[in-house]
Novice: 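What follows is a structure written as structure tokens; I'll ask about it next.
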There are 2 protein chains.
Amino acid sequence: MRSRSERRLQLIEATIRCIAQHGLSATTMQLVTREAGLSLGIANLHFQSKENLLAETLRHVTREYNDGLLAILTPKNRSPDGSLAETLESLLDFQLSHGVTQRQKMAVWFAYYGEASARPIYQKICSSSDRLSMQKVEELFAAIISEGQYPDRDPQQLATGYLALIDGLWLSLLVAPRVLTKARGKDVARAYLQQAFPKHLH
Amino acid sequence: MRSRSERRLQLIEATIRCIAQHGLSATTMQLVTREAGLSLGIANLHFQSKENLLAETLRHVTREYNDGLLAILTPKNRSPDGSLAETLESLLDFQLSHGVTQRQKMAVWFAYYGEASARPIYQKICSSSDRLSMQKVEELFAAIISEGQYPDRDPQQLATGYLALIDGLWLSLLVAPRVLTKARGKDVARAYLQQAFPKHLH
DNA sequence: AATTAGTAAATGAACGTTCATTCATAGTGG
DNA sequence: CCACTATGAATGAACGTTCATTTACTAATT
């Protein structure tokens with residue numbers, strides 16, 4: 001017998017593996033609980049319903065990503081010694097790191113995005129996560145523009161473009177990993193940032 | 001009584017509406033056939049199975065998009081009077097046109113992308129469509145680079161980035177349409193192309 | 001022109017399967 | 001002994017698919 005939070009995490013991680021392997025629509029309670037090595041009824045005990053388990057799984061993946069992003073982009077964390085150029089490099093490293101771009105995570109991410117337009121709960125979680133990324137990246141870009149005295153740069157437009165580019169690269173990495181490698185994806189994203197902030201990236 | 005091809009189209013269009021409204025996992029044969037105003041058994045008569053109907057629906061949406069893209073990017077269609085700059089502008093207009101960026105189409109597109117990593121059939125259709133876009137855009141970019149004498153431009157890298165950017169913008173338009181408008185999305189994409197080919201876009 | 005036969009399209013009740021959920025029962029730690 | 005965790009057979013709803021039947025149209029025959 002394990003504690004409530006341990007079992008919850010165990011089930012969420014099993015759900016992630018199931019979604020990555022079988023897709024969201026083929027993920028059943030049988031599959032998830034068996035993957036977790038537990039009995040069928042356990043998921044309803046800890047999550048009340050399948051719908052809730054799926055929503056909590058999305059929240060878990062989203063929170064994990066946002067925590068990583070905030071660790072890099074929260075000003076108080078980077079002000080003492082880290083330069084803006086270093087922060088920019090860290091952001092790029094993080095977003096195309098092994099942890100973030102592993103198939104399992106990306107498959108889960110896009111499985112929920114695909115259903116988001118029909119399910120308000122997913123839509124809400126996804127869009128509020130997007131909003132946070134947008135806000136933080138925009139702040140960083142604004143600071144860089146200010147520091148670098150870049151003329152005619154719109155931080156909001158650049159942040160929108162950069163985040164869309166990252167999303168699109170993830171999608172390519174997921175659907176056609178043979179055409180686009182992670183290293184090449186990183187080059188593409190770096191090229192975008194170099195065009196935008198030539199003094200801050202080399 | 002209607003002909004085979006008419007009924008097939010009728011059912012595919014009903015499927016598109018159902019996926020957009022209810023999501024791929026909640027799209028049932030009941031829902032689709034009722035949406036089409038037909039009886040339950042009709043879909044199996046024309047498509048043999050639900051799986052096949054869904055695959056054909058994806059092929060239909062994909063083909064529609066590819067036809068539009070090829071009409072713009074096939075060299076023989078644009079050689080006589082159209083300049084490369086005009087082709088570039090047409091491409092941008094098309095990819096962020098009303099027809100392509102309507103919620104219904106984008107919702108369907110990403111619903112399949114979300115399941116693609118778990119279903120080989122979807123993966124194959126999506127990736128082969130992506131490959132076509134990539135090839136044609138790369139050809140255009142290579143011609144523009146050659147014409148504009150742009151130094152140090154890698155057509156493959158620019159095409160990868162541009163297509164990823166477009167995908168990411170579509171995703172933003174779908175999940176958070178209030179944050180990003182179509183007009184602003186177009187501005188972002190145009191800014192990318194201007195940075196890449198300043199002589200060809202103003 | 002009317003009748004018939006033949007072919008394909010269309011229907012929807014019925015079937016077997018699978019699913020999420022429930023709950024009586026059992027196990028465990030304090 | 002009590003509260004909490006865990007089990008998995010049982011349940012009923014919903015699903016994709018089938019198929020006997022009906023309908024609609026065409027073409028050949030009288």
Novice: Taking side chain as C-beta onward, heavy atoms only, is A:K105 less than 4.5 Å from A:V100?
Specialist: no
Novice: Which whole-number value in Å describes the distance from B:M29 CE to C:dT17 C1'?
Specialist: 16 Å
Novice: Quantified as the angle between the terminal helix axes (five pairs each), what is the overall bend of the helix from C:dA1-D:dT30 to C:dG30-D:dC1 to 10 degrees?
Specialist: 0°
Novice: What is the separation between atom CG on A:L54 and atom C1' on C:dC19, rounded to the nearest whole Å?
Specialist: 13 Å
Novice: Summarise protein proximity over nucleotides 4-11 of chain D in one line of letters, 5' to 3': B for base, S for sugar-phosphate only, - for none, counting protein heavy atoms closer than 4.0 Å.
Specialist: BBBBBB--
Novice: Could you state the atom-to-atom distance from CG of B:N44 to P of C:dA13 in whole Å?
Specialist: 16 Å
Novice: Is any NZ, NE, NH1 or NH2 atom of the basic residue among A:D154 and B:R184 found under 4.0 Å from an Asp or Glu carboxylate oxygen of the other?
Specialist: yes
Novice: Counting the benzene-type ring for Trp, do B:Y122 and B:Y112 have ring centres under 6.0 Å apart?
Specialist: yes
Novice: For A:R34 and A:Q30, does a side-chain donor sit closer than 3.5 Å to a side-chain acceptor?
Specialist: yes
Novice: Starting from C1' on C:dC19, measure out to NE2 on A:H22 and report it in whole angstrom.
Specialist: 16 Å
Novice: If I take atom CD in residue A:E6 and atom P in nucleotide C:dG29, what distance separates them, rounded to the nearest angstrom?
Specialist: 13 Å
Novice: Provide, to the nearest angstrom, the distance between the CG atom belonging to B:L53 and the P atom belonging to D:dC15.
Specialist: 15 Å
Novice: Are a donor atom and an acceptor atom from the side chains of B:H200 and B:E147 found within less than 3.5 Å of each other?
Specialist: yes
Novice: Quickly work out the B:Q30 CD to D:dA14 C1' distance and round it to whole Å.
Specialist: 9 Å
Novice: Let me see the working for A:F197 and A:H202 under ring-ring contact (aromatic ring centres under 6.0 Å, His included), right down to the final yes or no.
Specialist: CA-CA 9 Å; A:F197 314 119; A:H202 46 90; over 10 Å; no
Novice: Do B:Q95 and B:Y65 have side-chain N/O donor and acceptor atoms under 3.5 Å apart?
Specialist: yes
Novice: Assess the side chains of B:S3 and B:E6: does a donor N or O sit below 3.5 Å from an acceptor N or O?
Specialist: yes
